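Order of listing sets the numbers, starting from 1, for every ligand and every atom in it. It should be emphasised that the depicted structure is a prediction, and the values quoted were computed from it without experimental measurement.
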Amino acid sequence: MNVFVLNCGSSSLKYQLINMEDEKVAAQGLVEKIGEEISFLKHNTDGDEVVIEENIKDHNQAIEMVLDILQSREHGVIENMDKINVVGHRVVHAGEKFSGSVLITKAVIDALRENIKLAPLHNPANIIGIEVSKKLMPKTPDVGVFDTAFHQSMSAESFLYALPYEWYEENGVRRYGFHGTSHKYVSERGAVILNKDYDKLKIITCHLGNGASMAAIDQGRVVDTSMGLTPLEGLVMGTRPGDLDPGIIPYIMKERDMTIEEVDQALNKASGVLGISGVSNDFRELAEAAEKGNKRAELAVNIFCRRVKKYIGAYIALMGGVDLLIFTAGIGENAVEVRSQILENLEYLGIEIDEVKNNNRGEEIKISSDSSAVDVYVIPTNEELVIAREAKKIVENHIKDVLNDLINENKS
Ligand code: ADP
């Protein structure tokens, strides 16, 4: 079975074609600057990369180009579109509607549309991806895999804000959490590595990328996660502040005479480590600047690490312990010094880092010492593989259901 994994952003898209027999990526690529004068498609197959620059006016044209190149003689990996058995779509926000992946029907698209207000930057592009895919591959099933789904196991004690209850009931204000696909993948992978029962472990996952979030997972269920109604809450991020005194917003709007849009922009694009340092949102550039004596760059990294440490403590308290702590995503997988700083002085909680093992980047590796009571691992995330596995599972279950219905109909 071949799964075409599609992740559509507002002006870009990423894709992979995964052969599920061996879970190998047959082709992958991205299209960027859709709708701009010069857009480009970058397509990779085993050892071969091709870049095509041209004006790609919309997602329809972008996906058409991707499907063409997947079937092309020089750079293709399939003979025709029938070789794509299912399309797995990454969808950011499913609200409270879906706690797992689903086969996409018209009713599902309508439900996703209702959630546009909760993810105005992401859901519209995700929906366009689904619609274009249905148009270009009408016979191929589409499966939606949601960033929010894994966190739907949280109890009201974790997901409810201490705000007027009607805001939840009438406006959907609650914690949803994001990066669910990644938290699910690395936590399940962690249990496999330890050769322990996932349903018996207490796990803390740190997805530290440009967007960053953590999750506390007890017996396979999310107890709490750091992102909230939107991906602004929780950890300090590349350009987002994470936890804030909500009183800052009306205060600064008055002080600096700012509009809602301006504040929203500042919170999404000009805060986080970029806001503090004034240098960059990229931890490689921050490390370089700090090395050269830039105090604000150093401070930004320190504040980032402190926030992660604070959440580790909080999640251990909530779960009554932790067996496994996992780092993933761009910073979590690569920033050796950041991991080291986060884990400093946690020995009294049973967390002891091995600095030699920690001195590795981008690899699946244990970084805790042999005497550490808590296992600490770096596990590279693979959201595309989760989407492909989910898409395969949903389609196979659907086929089973249809067959069972047919058998039952024949019997009656
Ligand atoms: P997202 O998917 O949220 O855009 P990623 O998970 O790709 O983010 O993480 C990107 C971030 O990872 C970069 O902004 C940078 O801060 C960090 N990063 C990537 N590689 C390294 C590295 N070698 N050392 C330190 N930080 C790194």
Residue pairs passing the salt bridge (Lys or Arg N to Asp or Glu O under 4.0 Å) test with at least one member in residues 371-383, sequence neighbours excluded, are K366-D375

- prompt: Can the positive tip of R174 be found less than 6.0 Å from the middle of the six-membered ring of Y176, inside 45° of the ring normal?
  reply: yes

* To do: Output yes when E396 and K393 qualify as a salt bridge under the 4.0 Å nitrogen-oxygen rule, no when they do not.
  => no

Could you tell me, for ligand 1, which of its N or O atoms are under 3.5 Å from any protein N or O, listing the pairs and their distances rounded to 0.1 Å?
| unit_1 | atom_1 | unit_2 | atom_2 | d |
| --- | --- | --- | --- | --- |
| ligand 1 | 3 (O) | N210 | N | 3.2 |
| ligand 1 | 3 (O) | G211 | N | 3.2 |
| ligand 1 | 6 (O) | G330 | N | 2.9 |
| ligand 1 | 8 (O) | N210 | N | 3.1 |
| ligand 1 | 12 (O) | I331 | N | 3.4 |
| ligand 1 | 16 (O) | F283 | N | 2.8 |
| ligand 1 | 20 (N) | R284 | NH1 | 3.4 |

Residue set satisfying ring-ring contact (aromatic ring centres under 6.0 Å, His included) with F150, at least two apart, ordered chain then number -> none

Residue set satisfying ring-ring contact (aromatic ring centres under 6.0 Å, His included) with Y165, at least two apart, ordered chain then number -> Y168

Are E79 and K83 ion-paired here, with the side-chain N under 4.0 Å from a carboxylate O? yes

